[in-house]
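Predicted model only: the values in this text are computed from it and were never measured. Worth knowing before you read on, the calculation uses all heavy atoms, side chains too, and leaves out hydrogens, waters and symmetry mates.
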Amino acid sequence: MFVMTIDQQGSRQTSDDVPKLLEKLGAVETVLGFERTIGDEIQGVLDAAPNVIDAASIALRMGNWHVGIGTGQVSLPLPETTREAAGEAFIAARNAVERAKKSGDRVPLAVEGSPEAADAEAVLILLGGLITRRTDSEWRVLDLLRPGHRGGQTAAAAALGITPQAVSKSVRRSGWQEEWAARPAAAFLLERANSDNKTLES
């Protein structure tokens with residue numbers, strides 16, 4: 001399984017954005033749902049790499065979160081809440097988020113838990129770079145698009161009252177097509193990083 005530990009940046013100087021992030025993460029499929037664990041930190045347990053990527057993308061888009069992804073063993077049977085769960089993946093996620101806090105100007109994301117985690121992290125940071133650089137105007141366009149859906153750009157242009165050329169320009173500039181082309185590779189690398197990990201009976 002995957003454990004994600006996500007910690008708010010500079011929360012002592014800003015408002016508490018945990019409720020806002022939890023609301024957005026409610027759309028992501030999990031094994032144990034995301035919840036506040038302590039202070040301005042949340043955790044969730046997931047079993048599918050594409051869902052991990054979705055959750056990381058949501059947090060990175062908000063722009064004020066450190067994202068730690070841990071792979072490894074999770075103790076069974078699973079409890080009812082994330083706060084009650086334990087296992088090596090939780091330790092890996094803790095190490096990952098602490099390292100993400102030291103990322104400096106890089107995308108604040110890290111993956112821990114196996115030797116292959118570094119490969120997954122490298123691709124996720126590239127994807128995160130595309131996501132974090134996007135402008136509000138680009139997001140207004142991208143939020144109306146669906147990967148692999150033909151005619152989406154024309155419909156988005158009509159909905160926004162802009163030209164199809166303007167939509168196309170936003171798509172190119174934002175790296176949206178590159179992101180969705182690379183997501184399967186990122187998911188593959190996350191699954192590979194997690195492939196040798198098994199759950200532990202408690």
Side-chain angles (χ1 to χ4, degrees), residues 1-11 14-72 74 78-87 89-101 103 107-113 117 120-121 123-125 127-134 136 138-140 142-147 174 176 179-180 182-184 186-187 189-191 193-194:
M1 294 189 190
F2 304 94
V3 173
M4 297 186 69
T5 298
I6 307 176
D7 187 77
Q8 187 175 345
Q9 301 175 11
S11 59
T14 60
S15 61
D16 181 2
D17 286 341
V18 168
K20 182 178 179 181
L21 180 58
L22 287 176
E23 180 181 0
K24 292 180 179 296
L25 290 175
V28 178
E29 184 177 347
T30 60
V31 176
L32 292 176
F34 285 98
E35 60 181 317
R36 188 193 297 265
T37 50
I38 183 171
D40 54 3
E41 179 183 281
I42 68 172
Q43 279 189 323
V45 180
L46 308 90
D47 63 358
N51 298 335
V52 173
I53 297 170
D54 286 343
S57 299
I58 289 169
L60 292 174
R61 176 177 175 177
M62 286 185 67
N64 60 334
W65 295 92
H66 300 105
V67 179
I69 301 169
T71 68
V74 174
L78 289 173
E80 293 184 0
T81 67
T82 302
R83 283 193 298 267
E84 299 173 305
F90 283 87
I91 298 172
R94 165 63 51 202
N95 292 336
V97 78
E98 291 301 326
R99 189 157 58 80
K101 293 177 183 179
S103 58
V107 173
L109 177 146
V111 184
E112 295 274 355
E121 178 181 308
V123 176
L124 287 171
I125 285 175
L127 293 180
L130 295 174
I131 291 168
T132 56
R133 287 195 295 268
R134 289 170 183 161
D136 290 341
E138 289 169 353
W139 278 117
R140 281 193 291 272
L142 301 184
D143 284 339
L144 297 176
L145 302 180
R146 286 188 294 151
S174 68
W176 186 79
E179 175 197 344
W180 285 95
R183 273 181 173 238
L189 292 171
L190 274 174
E191 294 288 2
N194 200 39

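- Note on Arg36 versus Glu41: no salt bridge recorded, every NZ/NE/NH1/NH2 to OD/OE distance being 4.0 Å or above.
- With sequence neighbours excluded, the residues satisfying side chain to side chain donor-acceptor pair (under 3.5 Å) with Arg134 are Glu179.
- Separation of atoms CG (Leu189) and CG (Leu124) is listed at 8.0 Å; rounding is to 0.5 Å.
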_Could you go through Leu25 and Ile42, starting from their C-alpha distance and side-chain angles, then the distance that decides it, and tell me whether this counts as side-chain contact (heavy atoms from CB on, under 4.5 Å)?_
CA-CA 10 Å; Leu25 290 175; Ile42 68 172; 3.4 Å; yes
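- Listed here is the closest heavy atom pair of Ala49 and Leu190: CB-CB, 3.7 Å.
- Shortest non-hydrogen contact noted between Glu138 and Ser174 is OE1-CB, 3.9 Å.
- Pairing each heavy atom of Leu109 with each of Ala56, the nearest pair is CD1-CB, 4.0 Å.
- Of all non-hydrogen atoms in Thr132 and Gly129, the two that sit nearest each other are OG1-O, 3.4 Å.
- For Asp143, the side chain to side chain donor-acceptor pair (under 3.5 Å) criterion is met by Arg61, not counting sequence neighbours.
- Atom CG of Leu46 sits about 8.5 Å away from atom CZ of Phe2, to the nearest 0.5 Å.
- Side-chain polar atoms of Arg183 and Ser57 form a donor-acceptor pair below 3.5 angstrom.
- Put simply, the side chain of Val3 reaches to within 4.5 Å of the side chain of Val74, judged on heavy atoms.
- If you take CD on Glu35 and OG1 on Thr82, they are separated by 4.5 Å, rounding to the nearest 0.5 Å.
- Between Leu21 and Pro19 the shortest side-chain heavy-atom distance does not fall below 4.5 Å.
- A salt bridge between Lys20 and Glu23 is absent, with no side-chain N of the basic residue lying under 4.0 Å from a carboxylate O of the acidic one.
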Q | Chi angles and distances behind the side-chain contact (heavy atoms from CB on, under 4.5 Å) call for Val45, Phe34 | A | CA-CA 7 Å; Val45 180; Phe34 285 98; over 6 Å; no
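- Checked against side chain to side chain donor-acceptor pair (under 3.5 Å), Asp47 has no partners two or more places apart in sequence or in another chain.
- Looking at heavy atoms from C-beta onward, Ser103 lies out of side-chain contact with Ile125 at the 4.5 angstrom threshold.
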Run the side-chain contact (heavy atoms from CB on, under 4.5 Å) test on Trp139 and Leu144 for me, step by step, so that the C-alpha distance in whole Å, both residues' side-chain angles and the decisive distance to 0.1 Å come before the verdict.
CA-CA 9 Å; Trp139 278 117; Leu144 297 176; over 6 Å; no
* Could you walk me through whether Gln8 and Asp16 pass the side-chain contact (heavy atoms from CB on, under 4.5 Å) test, one step at a time? => CA-CA 8 Å; Gln8 187 175 345; Asp16 181 2; 3.9 Å; yes
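- Few gaps surround CD on Glu84; more than 12 heavy atoms of other groups in view lie less than 6.0 Å from it.
- Here Leu130 contributes atom CG and Trp180 contributes atom CH2; the two are 12.5 Å apart, rounded to the nearest 0.5 Å.
- How far CG of Asp40 is from CD1 of Ile6: 12.0 Å, rounded to the nearest 0.5 Å.
- Here the shortest heavy-atom pairing between Ala92 and Gly70 reads CB-CA, 3.8 Å.
- Across all their heavy atoms, Asn51 and Val28 have their closest contact at O-CG1, 3.5 Å.
- Between Leu60 atom CG and Ile53 atom CD1 the span is 11.5 Å, to the nearest 0.5 Å.
- A donor-acceptor contact shorter than 3.5 Å is absent between the side chain of Arg99 and the backbone of Gly68.
- Side-chain contact of Thr5 with Asp7: a donor-acceptor pair under 3.5 Å is absent, judged by distance alone.
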Given side chain to side chain donor-acceptor pair (under 3.5 Å), test Gln43 with Thr37 step by step and report yes or no. CA-CA 6 Å; Gln43 279 189 323; Thr37 50; 4.7 Å; no
